[in-house]
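Atom set for the values below is all heavy atoms of this structure, side chains included, hydrogens, waters and symmetry mates excluded. So that the names make sense, note that chain A is the first sequence line, chain B the second, and so on, each numbered from 1.
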There are 2 protein chains.
Amino acid sequence: MPTSEGQELKRAGLKVTLPRMKILEILETAEPSHLTAEDIYRRLLESGEEIGLATVYRVLTQFEAADLVHRHHFEGGQAVFELDRGHHHDHIVCMECGHVEEFYDEMIEARQKAVAAEAGFDISDHSLILYGRCKRSDCPNRRDALAS
Amino acid sequence: MPTSEGQELKRAGLKVTLPRMKILEILETAEPSHLTAEDIYRRLLESGEEIGLATVYRVLTQFEAADLVHRHHFEGGQAVFELDRGHHHDHIVCMECGHVEEFYDEMIEARQKAVAAEAGFDISDHSLILYGRCKRSDCPNRRDALAS
DNA sequence: ATGTATGCAAAACATTTGCACCTGG
DNA sequence: CCAGGTGCAAATGTTTTGCATACAT
């Protein structure tokens, strides 16, 4: 019985290997869903896998090329990776606790297109990130400050 | 007679030194107005100044803290710096030639605020970058591809 | 003078790459 | 079996830092 991970990999034209399976599995079950390469590496080690950080980067780069994941450059140096679940969205990042919230706004998307057309650009991608503070005390995912 | 650069530095609470003056001057007269630290370093060397790259980074970081400049993280690894001329705007970046165009859209700004409020965030900053291709043949500022 | 800024070289990081070995189909 | 994938270590590219010297006030 082929796993769903295995099928996804084949569909993407990638050989089904253990590192790729494991990394995909981590991305699929990750909570929160935005992880750095090191986050993934650490989780692999924790679950006893002998996978190198270089492989994590290589696999993530392949996944990105295959549109399985997106790479975001939030503030703080490290890129974060997120599984493409088919629904485009933008991000709000809490600079106090690192919590990431997703949103999608039809009007913003439309205005972006209009603005690009006006400027004579063919847009292939965009990045919209709001930085701020979530006022909730139950803020999950507390990690080192992302703030500059 | 104090130069305008000198006054700006004093206003920002920074001691008036030659490296700071020169770097501020480069930022003020830069065309295009988005420069990497290396861009600035190269221009300093070209005009015969003996200023280290480390100093360029230190000064830019201080300028950023003093809100004299903004630091943007376009794709391609290097941060780019831009003088704060008092008018907030977002960016369209051509992935073929690196040309950067600025835009401001009231509706997008308004929607961002609304979205943030809905999510319970206090927004302190945001980053909106559109990536694409400018179709013009007279595309200025041709540099190494920024594309991934 | 005196505390801060600077230059240089070395460190710190995130990420990529070379290469010998291992593995999936 | 054999192309491609992986681990490790070393290289890369950007940005930061330690420290002795130089400078602004």
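The side chain of A:Glu38 lies closest to C:dA14 when the candidates are D:dG7, C:dA14, C:dT6. Comparing atom distances between the B:Gln78 side chain and each of D:dG7, C:dT15, D:dT14 picks out D:dT14 as nearest.
In this structure, A:His72 and A:His34 have tilted ring planes: the angle between them lies in the 30° to 60° band.
As rounded to whole Å, 15 Å separates atom C1' of C:dG25 from atom CG of A:Leu14. B:Leu9 has its CG atom 13 Å from the P atom of D:dA24, to the nearest Å. In this structure, CG of B:Leu53 is placed 10 Å from P of D:dT14, rounded to the nearest angstrom. The distance between atom CD1 of A:Ile23 and atom P of D:dG7, rounded to the nearest whole Å, is 8 Å. Going from atom CG of B:Leu35 over to atom P of D:dT15 covers 13 Å, rounded to whole Å. Distance, B:Leu60 CG to C:dA5 P: 15 Å, rounded to whole Å. Look at CD on B:Glu75: it is 13 Å from P on C:dT15, rounded to the nearest Å. Taking atom CG on B:Leu44 and atom P on C:dT6, their separation rounds to 12 Å, with Å as the unit.
Contact check, B:Thr17 against C:dT6: a side-chain N or O comes under 4.0 Å of OP1 or OP2. Within the structure, every side-chain polar atom (N or O) of B:Tyr57 is placed at least 4.0 Å from both OP1 and OP2 of D:dT16.
Counting only distance, with no hydrogens or angles, the side chain of B:Arg20 and the backbone of B:Lys15 share a donor-acceptor pair below 3.5 Å. The backbone N or O of A:His87 lies less than 3.5 Å from no partner atom in the side chain of A:Tyr104, so there is not a single donor-acceptor pair.
Each of B:Val16 and A:Tyr41 was matched to the nucleotide of DNA chain D holding its nearest heavy atom; the match closer to the 5' end belongs to A:Tyr41. Along DNA chain C, the nucleotide nearest to B:Ala54 and the one nearest to B:Lys15 differ in position, and the one closer to the 5' end is contacted by B:Lys15.
Residue contacts shown for A:Ala79 are limited to sugar-phosphate atoms, with no base heavy atom under 4.0 Å away. Across all strands, B:Leu18 comes closer than 4.0 Å to no nucleic acid atom at all (heavy-atom distances).
For B:Phe74 and B:His91, the distance between ring centers is under 6.0 angstrom. Ring to ring, A:His88 and A:His70 are not that close: their centroids are 6.0 angstrom or more apart.
Side chain A:Arg58 to base D:dG4: no donor-acceptor pair is found below 3.5 Å. Judged by distance alone with a 3.5 Å cut-off, no donor-acceptor contact links the side chain of A:Arg20 to the base of D:dG4.
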